[in-house]
2 protein chains.
Amino acid sequence: MKKEKIPQPTIERLPIYYRCILQMKAEGIRTVSSEELGRRIGVNSAQIRKDLTYFGEFGRRGIGYEIESLIEDIMRILGVTQERRMLIVGVGNLGTALLRHRGFSKEQFHIVAAFDSDPEKIGQEIEEISVYDLRLLDTIIKEKDIEVAVVTVPAKDAQRVVNQLVGCDIKGILNFAPTQVTVPENIKLRNVDLGVELLRLSYHLTNS
Amino acid sequence: MKKEKIPQPTIERLPIYYRCILQMKAEGIRTVSSEELGRRIGVNSAQIRKDLTYFGEFGRRGIGYEIESLIEDIMRILGVTQERRMLIVGVGNLGTALLRHRGFSKEQFHIVAAFDSDPEKIGQEIEEISVYDLRLLDTIIKEKDIEVAVVTVPAKDAQRVVNQLVGCDIKGILNFAPTQVTVPENIKLRNVDLGVELLRLSYHLTNS
DNA sequence: TAGATTGTTAATCGATTAACAATC
DNA sequence: TAGATTGTTAATCGATTAACAATC
């Protein structure tokens, strides 16, 4: 689909660029050079130019990048233009917070269903989103045409839930459970592990 | 303090190794080879051996690594042995979830105070942790000898709060606010941005 | 034209990995 | 001794960055 392989670090940085230029737009700025953008984000300006040219030529020599159009271009690259329906498995503290969190279920991602196996929680509504029995996963995913799953279950249940999701043809998973899970390579998996982040912080606090 | 510079990717991986061998210990496994550990985590075995030898010689040729002692060694490297007192600024959905989240405030990190500027929230207790007026930040940090701050305030307030924290001699910050904040270089900062993770997932879903 | 800044090449830097002597 | 696996070197791979022609 693409001519040249995009380096993983480039992909990791793109959303950061996107966030930064959105903020600049809000500040009323119209145009930005790679130099200025790099300064704000803390990366080399050549890096930014190179990252962007993997996807096209978005700047004007002597001028810089027009913010309005760069936003549109990066939106297209990231696929932000396409709406995506999302579910949450595990309506504990974190899951509930993410359900309530305005801004998590915003932009293109919409949480449309929640799941738990606790009978106390099943049937509840949180922010107008129904909590379903985990056993209905397959039915509801098909019914509501859901592509993405957020996993906020305890570590011990994570792999089982992920297996279930994979079986239901979910395309992407954002895993918050503090454990390594595996998926077939056609499924996109991203891990967000708060404990691991604390350990990394701990390392830096200890060794400096 | 260290002879050789430790590569950043090595530091990022160490907590992953730690998590994995903790789990193996729980499974009753006594010894592991770099080959087996690499297979579980999904990295090359030479990578693991190299990462570990930045810090010492922990294995035995022909045998592998003894899990019990490797855990102790990595704990020491990560500084997990040292208890650290932590606060949360911003008692919204996410902040409250983290306060309640058993396991976040476990191991060496203990949440000992929470802060907000909303009079409705100030004075409350969540999981036996008091919510203080943000203006008391300096006093309480000194009083309770707090080193680490978790920031869960809205994006627009993040930089101001971070500046306040820096002024109070906080040593490390875990920032959940979806915005780029800057700190002096002697302060350790880690960003966890859920929105950015969703954007990265979006990229992979769109381009594949 | 002069100044600014991109897109791109090529050099540099750094991280990963294959290979193997050391050794359990 | 034979087999396994580490620690470490050196080769490979890939990412970052300096430099500059193109061009606004």
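Below, read A as the first sequence line, B as the second, and so on, with proteins coming before strands; counting in each chain starts at 1. In this text, all values refer to a predicted model and were calculated from it rather than measured experimentally.
B:Y132 pairs by the ring-ring contact (aromatic ring centres under 6.0 Å, His included) definition with B:F115, not counting sequence neighbours. Legend: residues meeting side-chain contact (heavy atoms from CB on, under 4.5 Å) with B:T152, ordered by chain and number and at least two apart, are B:I88, B:L94, B:L98, B:V150, B:F176. Partners of B:K144 under the salt bridge (charged side-chain N to carboxylate O under 4.0 Å, His left out) rule, at least two apart in sequence or in another chain, do not exist in this structure. Residues satisfying the salt bridge (charged side-chain N to carboxylate O under 4.0 Å, His left out) criterion with B:E83, sequence neighbours excluded, are absent altogether. Every residue was checked against the salt bridge (charged side-chain N to carboxylate O under 4.0 Å, His left out) condition with A:R49, not counting sequence neighbours, and none meets it. Partners of A:E35 by salt bridge (charged side-chain N to carboxylate O under 4.0 Å, His left out), not counting sequence neighbours: none found.
A salt bridge is absent between B:R85 and B:D145; no separation between the charged side-chain nitrogens and carboxylate oxygens falls under 4.0 Å. Salt-bridge check for B:R190 with A:E197: passed, with a basic side-chain N closer than 4.0 Å to an acidic carboxylate O.
Taking for each of B:F58 and A:R13 the nucleotide of DNA chain D with the nearest heavy atom, the 5'-most of the two is the partner of B:F58.
Helical stems of DNA chain D (runs of at least 3 Watson-Crick or G-U pairs, donor-acceptor distances under 3.5 Å) are listed by first residue: C:3-24 with D:3-24.
Proximity of residues 36-50 of chain A to DNA chain D (heavy atom under 4.0 angstrom from any strand atom) is restricted to A:N44, A:A46, A:Q47, A:R49, A:K50. Residues from residues 61-72 of chain B lying near DNA chain C, meaning a heavy-atom separation below 4.0 Å, are B:R61, B:G62 in numerical order.
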Show which side-chain atoms of residues 158-170 of chain A pair as donor or acceptor with protein atoms under 3.5 Å away, not counting sequence neighbours.
unit_1	atom_1	unit_2	atom_2	d
A:Q159	OE1	A:T182	N	2.9
A:Q159	NE2	A:N163	OD1	2.7
A:Q159	NE2	A:T182	O	3.1
A:R160	NH2	A:D157	OD1	3.4
A:N163	ND2	A:Q159	O	3.4

Kindly list each side-chain donor-acceptor pair under 3.5 angstrom involving residues 55-79 of chain B, sequence neighbours excluded, with atom names and distances?
unit_1	atom_1	unit_2	atom_2	d
B:S69	OG	B:E66	O	3.2
B:D73	OD1	B:R76	NH2	2.6

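In this structure, B:S34 reaches the sugar-phosphate backbone alone: every heavy-atom distance under 4.0 Å involves primed, P, OP1 or OP2 atoms, never a base.
Annotation for A:Q108 and A:V80: closest pair CB-O, 3.3 Å, computed over non-hydrogen atoms.
For B:D116 (side chain) and B:D118 (main-chain N/O), a donor-acceptor pair under 3.5 Å exists by modelled atom type.
You can see that DNA chain D meets the heavy atoms of chain A within a 4.0 Å-exclusive cut from D:dA15 to D:dC24, reading 5' to 3'.
Other residues, nucleotides and ligands place more than 12 heavy atoms under 6.0 Å from the CD atom of A:Q8.
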